[in-house]
Structure formats: structure tokens, C-alpha cells
Amino acid sequence: MSATPDDVLTGEANTAAQTSSKAAEAEAEYGHLVKSEYEHGFVTDIESDTLPPGLDESVIATISQRKGEPRWMLDWRLAAYRKWLDMPTPKWAAVHYPPIDYQSISYFSAPKKQELESLDEVDPALLETYEKLGIPIEEQKALAGVAVDAVFDSVSVATTFREKLSEAGVIFCAISEAVQEYPELVQKYLGTVVPPTDNYYTGLNSAVFTDGTFVYVPKNTRCPMELSTYFRINEAKTGQFERTLIVADEGSYVSYLEGCTAPQRDENQLHAAVVELIALENAEIKYSTVQNWYPGDEEGRGGIYNFVTKRGDCRGDNSKISWTQVETGSAITWKYPSCILRGDNSVGEFYSVAVTKGKQQADTGTKMIHLGKNTRSTIVSKGISAQQGIQSYRGLVRIAGKAEGARNHTQCDSLLIGDKCAANTFPYIEVKNPSAQMEHEATTSKISDDQLFYCRSRGLTEEDAVSMIVNGFCKEVFNELPMEFAVEAQKLLSISLEGAVG
Amino acid sequence: MLSVKGLKAEVDEKEILKGLDLDVGAGEVHAIMGPNGSGKSTLAHVLSGREGYEVTGGSVSFEGKDLLDLDPEERACLGLFLAFQYPVELPGVNNTYFLKAALNAKRKYHGEEELDAVSFMRLMKERLKVLHLDDSLLKRPVNVGFSGGEKKRNEIFQMALLEPKLAILDETDSGLDIDALRVVANGVNALRGPERSMIVVTHYQRLLDYIEPDYVHVLAKGRIIRSGGKELALELEEKGYGWIVDEAAA
Ligand SMILES: Nc1ncnc2c1ncn2[C@@H]1O[C@H](COP(=O)(O)OP(=O)(O)O)[C@@H](O)[C@H]1O
Ligand SMILES: [Mg+2]
């Protein structure tokens with residue numbers, strides 16, 4: 001039985017404590033500081049092999065066939081599709097968007113050249129894209145200790161560091177490849193953390209996912225490097241349905257980094273990914289995300305819809321899963337990386353920085369489901385709203401009846417820049433075991449004129465001051481990121497809040 | 001160095017500075033004293049460019065430049081420094097990081113190369129020694145959880161690092177016990193020099209026992225109503241402000 005806490009959040013918030021804070025008093029406007037054009041807004045000119053828009057069973061069969069999938073995989077997809085047809089779209093998230101026409105989306109897109117032996121065979125236009133993104137693969141290769149599985153559109157086109165990993169017995173490959181090469185592993189774990197019926201978007205994803213990443217770390221193995229994947233949506237109207245499955249076998253450790261940017265587009269682009277993490281006994285998974293998808297123009301047009309289901313299962317005793325995320329992009333973010341603390345003494349962590357500005361909306365948070373004894377969870381959420389950004393933190397902590405000695409610490413801080421933005425906090429707490437220890441702290445603050453003047457009187461520009469104060473606000477989360485990623489995240493945050501001078 | 005002429009400034013349409021004159025030469029230390037609410041902090045803020053104050057008359061020139069034309073950060077880069085009466089907390093912003101950013105902003109402004117971490121640490125150690133401070137405050141977020149004395153010491157340390165041409169100390173003595181006062185005053189004295197002017201704003205004569213001013217001014221009702229040498233401070237200590245204010249009004 002897999003826990004599906006969505007229904008708890010969906011239902012009437014019977015146990016909910018709600019705090020809501022909106023910027024009330026008028027204050028100096030810092031709007032001009034947070035206008036920055038999307039830095040990575042460009043489009044690569046690559047011929048794509050794209051299916052015509054629309055979704056039915058034959059489209060799914062075509063996807064499965066193009067991927068060379070075994071029969072069980074197709075059956076799994078079709079079962080998911082049939083259930084999805086009857087599912088309602090979630091209505092409860094505090095975000096607003098026009099209805100999505102799922103028949104206008106093309107469900108498969110692949111760069112023309114596939115199954116490349118080496119980087120030399122990669123389309124030069126693609127390599128150029130990476131250059132523009134500041135992540136040339138050649139350089140990435142040289143970057144000590146970081147393996148890059150570059151996912152471009154829906155198909156992996158370049159994979160590096162395979163050998164070093166395979167020496168350690170670590171599997172790090174495209175999920176479509178895993179379906180063919182490691183069917184027993186995929187069949188054993190796929191959908192066991194996030195079942196296809198979990199919610200509307202997981203149903204859709206299960207039916208049509210075209211790529212993503214598979215990681216398996218064998219028993220008592222410490223993955224010799226940080227695993228890193230860069231995503232980039234590049235095909236107009238192509239929804240992205242990534243599927244990531246990470247399994248850390250007993251006593252193993254892996255750190256996975258995910259970073260995204262996307263080109264500027266007029267039409268809304270749906271992204272409905274599913275990420276499943278499984279940590280067996282004494283295993284630890286650290287999953288870090290820096291997300292910078294196109295948020296839309298100043299009116300919010302053209303941004304990415306990011307509806308992602310991420311869930312980790314601490315399946316074994318003494319296991320640990322940490323989610324760290326820095327979310328600055330997307331027009332709409334709907335995302336609750338969660339942990340199911342099944343094993344005794346297992347640990348779940350969620351560290352998050354989310355920025356909303358312009359017309360961005362974010363409804364994000366986490367769920368910590370304590371099932372095992374002496375399980376511990378930590379939630380640190382830092383929300384930053386600027387301009388007309390709207391942000392909601394929605395967190396569920398559930399202590400099941402058998403979860404003797406469970407502990408949770410939740411800290412939820414909002415920072416408002418200007419007076420047109422908003423931040424809401426919705427902590428849901430369900431405690432069925434009286435031995436539970438729960439702590440919840442929430443704060444809302446603004447960047448004060450005093451702080452800005454203090455910084456400026458020391459020679460810092462207003463922009464530098466804002467960026468410094470915001471980075472200070474996020475520090476506890478950045479501390480959780482791997483070093484290079486933390487630097488990148490800070491830069492990203494500064495870019496997204498500073499804007500062009502003048 | 002600094003020349004203030006007929007300065008008038010309003011807050012919320014209420015006139016606080018009502019035609020203030022002040023001349024500070026290179027290397028001079030001026031004390032500005034006055035009753036609470038007389039406009040001392042207002043003067044300090046207007047000089048350093050804080051928003052919310054409307055200058056309605058007069059002029060301020062600093063090393064020949066029209067100071068009122070400049071943003072606060074430009075004034076700072078040109079060598080103006082305000083030690084705050086109430087230093088502001090910056091949660092999560094590491095004190096060392098903040099100081100390095102401030103120093104490098106100034107260096108950049110003057111077309112100098114930014115200091116790397118190693119040279120910066122060296123400089124910091126050296127300045128700590130001059131002020132007889134330990135480095136415990138440097139690892140903490142700026143002013144967060146600092147005691148009153150620690151905040152003031154931190155201000156003086158910033159001053160030591162940024163090496164301003166003109167430092168304005170706004171009631172740096174208030175809230176300090178006698179030991180802390182001595183530390184702060186010794187710090188300030190160590191930073192005195194022919195190239196550095198100071199305006200020491202204080203409510204009490206006490207600080208001037210430790211920092212000997214070249215000039216003492218009395219600010220009341222938005223104007224400098226009396227100027228003199230350091231003996232004026234002693235006179236004020238003895239008789240209070242009342243008599244001068246009354247005299248000026250007469
Ligand atoms: N932001 C403000 N809004 C309204 N009045 C102010 C403000 N700041 C200062 N004042 C007023 O200006 C006068 C001078 O204040 P201040 O410069 O702080 O005096 P001092 O530092 O000499 O004690 C006081 O009457 C004070 O109430
Ligand atoms: Mg004052």
C-alpha cells in the first residue's frame with residue numbers, strides 16, 4: 001500500500017491550521033529591481049521527429065514502439081491511460097490557469113539523430129545550445145566528479161562518465177534504456193512510490209512518459225560522483241513527461257542534481273514529470289533541484305506549467321531522503337516533493353527556496369508521512385515573492401498510529417518584496433500517535449527600508465543589497481546544496497531578482 | 001572637506017532642519033550635541049542620503065562635490081561613513097561577507113581591483129588588532145543577536161575597514177557601559193588622522209572625555225545655535241541645554 005496523501009490535502013482541511021499573510025501596508029516599490037529578462041530565452045534550431053498533436057491509445061502504442069519497449073511496458077501505459085481518462089484535474093491548488101487542451105499537445109519529440117556513440121555525433125546546434133546555457137559538455141566532462149546525462153527534449157543524446165560509474169556498479173541511464181536493459185529492476189520499482197493513479201498528472205505521465213533518468217546504486221556502494229542531469233524543453237507545444245526512478249540499495253549513497261532552463265516561447269508548455277526515489281535499509285538519497293524554466297513575459301504569457309510529482313520512499317530502516325530545491329522559474333509551479341518514512345529511524349528532509357515574481361504562481365511544499373518508529377523529518381521552506389507573484393506553501397505532516405516517537409520540525413519563512421505580492425502558508429498536521437513531537441515556526445518579513453539603507457550606506461547598490469538580503473534569507477537551504485550548485489543557485493537568485501539596471 | 005550651508009530638511013512635511021551651517025576641515029573632529037529630538041540623527045541621515053527626507057533648502061558640498069546630488073552608495077564610495085545609532089540586522093548575511101562586499105564595492109568604484117578572500121582576511125586581522133577586537137563577531141550574521149555594545153563595536157570595525165574620509169558617529173556612546181565605551185572610543189581614536197574627519201553626535205558629554213573634539217556645536221530646533229571648543233561641552237554638562245536654547249531664542 002502506497003500512501004497517497006493528496007486526498008488529505010484535497011479534502012476539507014479539517015485539521016488545518018491556516019495562516020495567511022498579505023502585504024498590507026504600502027511601502028516603497030522595488031518593482032524595478034525584479035524585472036529581468038529571461039536570460040536563457042532562446043530556441044535551438046534542431047529538426048525534430050515529432051508526433052502530431054493528440055492523445056489516444058494508438059499514440060501510446062506508437063510511443064512505446066518507437067522506444068522499442070517490451071509488451072509489459074505498453075500494457076502498463078495503457079492501464080494508466082484508461083484510468084487517467086476518468087480522473088478529474090486537481091482544482092484545489094491556489095493557482096489559476098486556463099484549461100489545458102490535452103489533445104493539442106504532441107506527446108513525442110526526438111532529435112533526429114539518436115543512439116550516438118560519442119559526442120562527435122551530437123548535432124552541433126545542440127552543442128551550441130549547451131554553450132549558450134553555459135554548460136558545454138566538453139567542460140562538464142572535465143569537471144571533476146560530475147557526470148552529466150544531458151537530456152535534450154525527450155531523448156538522451158549524450159551520456160558521459162558511464163564507465164567510471166559502471167566500475168562501481170552504478171547504473172545511470174535514460175529510463176527508456178533501462179526498460180530494455182534492466183527490465184527486472186524497472187518492473188520491480190516503477191510506480192511503487194507514485195502509482196499511476198496518484199493524481200491526474202501522474203496518470204498522464206505514466207501513459208505517455210518518453211524519457212527521464214534511471215539510477216540504481218548497488219548495495220554498500222557510495223556513488224563515486226554527483227549525478228547531474230540538465231533538462232531543456234525545446235519543442236513548441238511538446239509537453240514534457242519525464243520519469244525519473246532512483247533506487248539506492250541497502251547501505252548505499254547517491255547525490256543527484258537536476259537543473260533546468262528553457263527557451264522563450266509564446267505558448268504555455270506543460271511539464272508533468274514524475275520522480276520516484278527508493279531508499280532501502282541504511283541507504284541515503286540526496287536530490288537537489290535548481291529550476292529556472294521560462295516564467296512567461298511580464299504578463300505571464302508563455303511560461304512553463306510545472307506540475308510535478310516527486311516522492312521518496314524511505315523503504316528500509318535507517319534510510320534517509322533529502323529534497324533540496326531552488327525554484328525560480330515557471331509560470332505555474334505545482335509541486336510537493338515528499339517523503340514516506342516507512343522504515344524505522346528513517347529521516348526525511350525538505351529544503352526549499354521558491355521565488356515568484358511578475359505573474360508567477362507557485363503552490364509548493366512537501367508531505368512527510370511518518371509510518372515507522374522514531375522517524376524524523378525536517379522542513380525548511382523559504383518563499384520569496386516580488387511584484388505580483390503569488391506563493392503558497394502547503395505542507396502536510398502525518399504521523400501514523402504506529403509511528404512511535406516520530407518527530408517533525410517545520411520552519412516556513414516568507415519574504416515579501418514590494419506590496420503587490422502575496423504569500424500564504426497552509427500547514428496541515430495529522431497526528432495519530434501521542435508520542436509525536438511537532439514543532440512549527442512560520443514568519444513573514446519584508447525587506448525593510450532600514451536594511452536597504454544600511455547596505456547602501458556601506459557602498460552597496462540597491463540591487464546588491466536586495467540580492468544579499470535575499471541570499472541571506474535563503475542561507476539555510478543553500479547550505480544543503482552541493483558547493484558548485486549552491487553558487488549557481490545564488491547566481492540564479494540574484495539574476496532573477498536583480499534585473500537589468502535602470 | 002564638508003561644507004553645509006543653510007540646510008533645510010523636512011520629514012513628512014515637518015521641517016526638522018531649519019537652516020543649518022557646518023564646516024568641517026580635514027582631520028578635524030567635531031562634536032554635535034543637543035537635546036533629544038533636536039535633529040541630530042536627521043542631519044546624519046540627510047548627509048548620508050537616506051530616502052524619506054526632503055531637502056528644501058541649502059547646500060552640502062563634500063570635497064567640492066554636491067553631496068545632495070548623489071545616491072547613498074556613491075556617497076559611501078566617496079568616503080562618507082555613518083555609524084548608525086541603531087545598527088540594522090541582516091539575517092543570514094555573514095558579517096565577513098558583508099564587509100568584503102562593501103569594501104570591494106568601494107574599490108570597484110575607484111577602479112581598483114577587488115580584494116580576494118586571502119588579502120581581505122589579512123586586512124581584517126590587521127584592523128582587528130588595531131582596535132583590540134576579537135573576531136567572534138565576524139562569523140555571525142550582520143548585527144543579528146549582537147548586544148548593544150557589540151553592534152557599536154561592529155560599526156567602528158566597519159569604519160576601520162572602509163577607511164572613510166568623513167565619519168559620522170550617531171550616538172555611538174548610547175547604551176554602552178563604561179568598558180564598552182572605552183573600547184569604542186579607543187577604536188575611534190586609533191582611526192583619527194590628518195586625512196580623516198569625524199562628526200561625533202552625542203547627547204552626553206561623557207563620550208568627549210574619551211574622544212577629544214576640536215570643536216563642539218550645539219544643535220537645537222534644527223539649527224547650530226552655539227559653537228566652541230571642547231570647554232563648551234563641559235559647560236553643557238554643568239548647566240544643561242536649557243540656557244543656550246533660551247539664549248538663542250531670546
Ligand atoms: N521618520 C520620521 N517621521 C516623522 N518625524 C520624524 C522622523 N524622524 C525624525 N522625526 C522627528 O524629527 C525630529 C528630530 O529627530 P532626530 O533627528 O531623530 O533627533 P535626535 O537624533 O536629535 O534625537 C524629532 O521631532 C522626530 O520626532
Ligand atoms: Mg538621534
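Predicted model only: the values in this text are computed from it and were never measured. Just so it is clear: chains get the letters A, B, ... in the order the sequence lines come, proteins before strands, and each one is counted from 1. Both backbone and side-chain heavy atoms feed into the values below; hydrogens, waters and symmetry mates do not.
Looking only at side-chain heavy atoms (C-beta outward), F84(B) and D450(A) stay at 4.5 Å or farther from each other. Proximity of L460(A) to F98(B): side-chain heavy atoms (C-beta onward) are separated by under 4.5 Å at one or more points. With contacts defined as side-chain heavy-atom distances shorter than 4.5 Å, the pair P91(B)/Q451(A) qualifies.
Contact annotation for N94(B): both backbone and side-chain heavy atoms come within less than 4.5 Å of a heavy atom of chain A. Residue contact with chain A, scored on non-hydrogen atoms closer than 4.5 Å, is absent for R75(B). Looking at E89(B), only its backbone comes within 4.5 Å of chain A, counting heavy atoms on both sides. The parts of L82(B) that come within reach of chain A are both its backbone and its side chain, each placing non-hydrogen atoms under 4.5 angstrom from that chain. Both the backbone and the side chain of C455(A) have a heavy atom closer than 4.5 Å to some heavy atom of chain B.
Within 6.0 Å of the CZ atom in R127(B), the count of heavy atoms belonging to other residues, nucleotides or ligands exceeds 12. The environment of Y86(B) atom OH is sparse: at most 12 non-hydrogen atoms of other residues, nucleotides or ligands sit within 6.0 angstrom. A 6.0 Å sphere centred on CD of E114(B) holds more than 12 heavy atoms belonging to other residues, nucleotides or ligands. Around the CD atom of E13(B), the shell of radius 6.0 Å holds no more than 12 heavy atoms that belong to other residues, nucleotides or ligands.
Side chains of Y454(A) and N143(B): a donor on one and an acceptor on the other come within 3.5 Å.
In this structure, R458(A) contributes its side chain and F81(B) its backbone to no donor-acceptor pair below 3.5 Å.
Residues A105(B) and G459(A) approach most closely at CB-O, 3.4 Å, considering heavy atoms.
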